Amino acid sequence: MKKTKHPLFLKYLLSYTIMFMVPVLAFTAFINDTLLNELQKQYTRNSTQSLNQLMYITERSMQQLDTIGKHLLLTKNITATYGLDDVEQSRAVIEEIKKYVTSNAFLLDAALFFEGNNYLYTSSSTYLVDHFFEDIYIFENKESINQLNECSEKRQKLVLPYQNVRVHGVPRKLMPVMIPLTFRGHDASILFFVDNMFSNKGNYELAQRYIIFDRDGQTIWEDNIPIKLDSDSYGEINNAILAGKPISMFAEHSEERFLAYGIVSPDTQWRYAYVTEEGAIYGDYRATQRKFVWALALILAVCIIVTSITMSLSYSKLNNLRKISDGLFHDENKSGHDELQDIENNLIGLATENKVLKNNAVSNACP
């Protein structure tokens with residue numbers, strides 16, 4: 001028994017399906033790309049606004065330190081003091097430093113020392129330099145002490161990253177900033193201990209999940225970063241900041257993706273980056289995207305089913321005609337590639353057979 005085939009039906013059904021799918025897929029791609037670009041632009045705008053605030057707070061604090069240094073140079077109460085011979089002069093230096101420390105909430109303390117003097121002056125007392133760094137302010141990273149000594153000798157400004165320092169036995173997170181000064185021909189340096197530039201609640205919340213790099217790419221500040229970054233990751237973030245583009249990365253030992261975006265300060269060339277989970281930015285969008293895709297798939301399926309049913313009703317007459325032609329004449333060796341070809345072959349075969357029968361009848365007719 002001949003197996004019924006429906007190539008013509010399937011061909012037109014496939015054509016209609018493609019006609020449905022092409023505009024739908026194009027529309028989906030357009031909507032997806034538009035929404036994604038708009039979401040990225042919104043993320044960039046919001047991040048840039050927050051980063052600009054963070055940059056303003058940070059650089060205003062750094063500028064304030066330079067301003068303090070300049071004011072100290074203009075202060076008549078401070079002159080080059082060596083040893084503890086002049087008690088009144090030492091007290092005047094301490095009081096002057098205290099005035100600036102107490103008026104700037106982001107400062108824990110400051111230490112002024114003159115080159116060639118074994119003592120330094122803070123906002124509360126006078127200490128031997130060695131005693132100060134060995135017992136009062138104990139740096140966890142000993143290399144920081146070497147860097148301070150080196151820059152003091154070279155008369156260079158130095159900003160070290162926030163780091164662990166034990167102050168009178170209490171662990172703190174401080175950023176040392178050293179500025180060279182010259183008091184009436186006498187070289188000196190003032191070492192600021194920045195406690196928290198984001199000391200008030202609003203500023204501290206602003207600084208969450210942010211990284212601050214100096215112009216050389218050294219990490220100055222980072223807090224509550226949701227991922228563990230290695231040196232390569234810091235380098236990638238730095239490069240992305242310089243390129244002005246967001247960067248997507250995987251967390252170490254995690255399959256979750258994270259997004260980082262940053263800006264560069266036009267004045268100091270410091271870089272400011274914001275790091276957050278990619279899901280926090282695209283989570284709602286992807287959930288909506290999945291629903292949208294499922295809805296389109298359902299619409300396409302319904303369209304194909306309706307088209308198939310409609311075509312079946314129209315196709316039934318053609319299929320019946322093919323069956324009738326098959327009943328009148330059918331040659332297995334001349335099977336067409338679709339229903340119309342089968343009907344044509346059957347009609348040609350039927351016509352040929354009739355012609356043969358007619359010729360035979362004529363030949364066999366009585367004279």
Side-chain angles (χ1 to χ4, degrees), residues 50-51 53-72 93-113 120-127 129 131-149 151-152 157-181 188-214 218-225 265 268 270-274:
S50 298
L51 288 167
Q53 294 180 40
L54 188 72
M55 180 175 67
Y56 172 75
I57 294 169
T58 302
E59 303 200 355
R60 184 186 62 181
S61 299
M62 292 295 101
Q63 291 169 1
Q64 182 64 14
L65 298 183
D66 291 328
T67 301
I68 292 173
K70 293 175 182 177
H71 285 177
L72 287 173
V93 173
I94 292 171
E95 288 299 321
E96 197 66 31
I97 295 173
K98 183 178 180 180
K99 180 175 67 175
Y100 290 106
V101 170
T102 55
S103 61
N104 291 277
F106 65 92
L107 285 178
L108 177 66
D109 207 345
L112 175 67
F113 51 94
L120 56 77
Y121 307 89
T122 69
S123 63
S124 59
S125 186
T126 303
Y127 301 94
V129 174
H131 172 61
F132 181 80
F133 287 108
E134 291 175 1
D135 301 311
I136 308 302
Y137 277 70
I138 305 173
F139 285 73
E140 184 177 288
N141 182 12
K142 301 303 179 183
E143 180 61 27
S144 296
I145 302 297
N146 296 332
Q147 290 178 281
L148 290 171
N149 290 333
C151 287
S152 176
K157 180 179 179 179
L158 176 65
V159 179
L160 292 175
Y162 272 91
Q163 55 192 280
N164 296 323
V165 181
R166 296 187 69 86
V167 182
H168 296 284
V170 179
R172 303 294 293 261
K173 197 88 169 178
L174 302 175
M175 181 174 72
V177 179
M178 189 174 68
I179 299 176
L181 303 172
S189 295
I190 185 165
L191 177 60
F192 295 101
F193 293 97
V194 180
D195 185 11
N196 193 344
M197 290 180 289
F198 318 103
S199 53
N200 69 61
K201 183 179 179 181
N203 289 345
Y204 182 71
E205 289 177 352
L206 173 67
Q208 298 289 294
R209 300 195 171 192
Y210 285 87
I211 306 174
I212 301 175
F213 302 96
D214 65 12
Q218 178 181 230
T219 305
I220 298 297
W221 160 277
E222 64 175 302
D223 190 52
N224 199 26
I225 302 301
S265 167
T268 63
W270 282 23
R271 299 102 189 237
Y272 300 82
Y274 174 61

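This is a predicted model, so every value here is computed, not measured.
- Atoms CD1 and CG, on I138 and N164 in that order, are 12.5 Å from each other to the nearest 0.5 Å.
- Between I212 and R271, every side-chain heavy-atom pair lies at or beyond the 4.5 Å cut-off.
- Considering CG of L108 and CG of L174, their distance stands at 5.5 Å, rounded to 0.5 Å.
- Taking OG1 of T67 as the reference point, atom CG of L72 lies at 11.0 Å (rounded to 0.5 Å).
- In terms of heavy atoms, F106 sits closest to S61 at CZ-O, 3.7 Å.
- Residues satisfying the side chain to side chain contact (heavy atoms under 4.5 Å, CB included) test with Q147, not counting sequence neighbours, are E143, S144, L158, L160.
- Between F132 and Y127, the two ring planes are tilted [angle within 30° to 60°].
- Of all non-hydrogen atoms in G169 and P171, the two that sit nearest each other are O-CD, 3.7 Å.
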Any chance you could lay out the side chain to side chain contact (heavy atoms under 4.5 Å, CB included) test for M62 and T268, step after step, and finish with the verdict? CA-CA 10 Å; M62 292 295 101; T268 63; over 6 Å; no
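- Contact of the W270 side chain with the V159 side chain is registered, since non-hydrogen atoms from C-beta on lie closer than 4.5 Å.
- For the pair T122 and I97, the minimum side-chain heavy-atom distance is 4.5 Å or more.
- Looking at D109, its side chain does come within 3.5 Å of a backbone N or O of S123 through a donor-acceptor pair.
- Between L191 and P176 the shortest heavy-atom distance is CD1-CB, 4.0 Å.
- One finds the NZ atom of K70 at 11.0 Å from the CG atom of L181 (value rounded to the nearest 0.5 Å).
- Contact check on E95 versus K98 returns no salt bridge, with no Lys/Arg side-chain nitrogen under 4.0 Å from an Asp/Glu carboxylate oxygen.
- Y210 contributes atom OH, which lies 11.0 Å from atom OG1 of T58 (distance to the nearest 0.5 angstrom).
- Distance alone, capped at 3.5 Å, places no donor-acceptor pair between the S152 side chain and the L148 backbone.
- Here the side chains of Y272 and E59 are in contact, with some heavy-atom distance below 4.5 Å.
- Residue D195 holds its CG atom at 9.0 Å from CG of L107, rounded to the nearest 0.5 Å.
- Aromatic ring orientation, F193 versus F139: tilted (interplanar angle from 30° to 60°).
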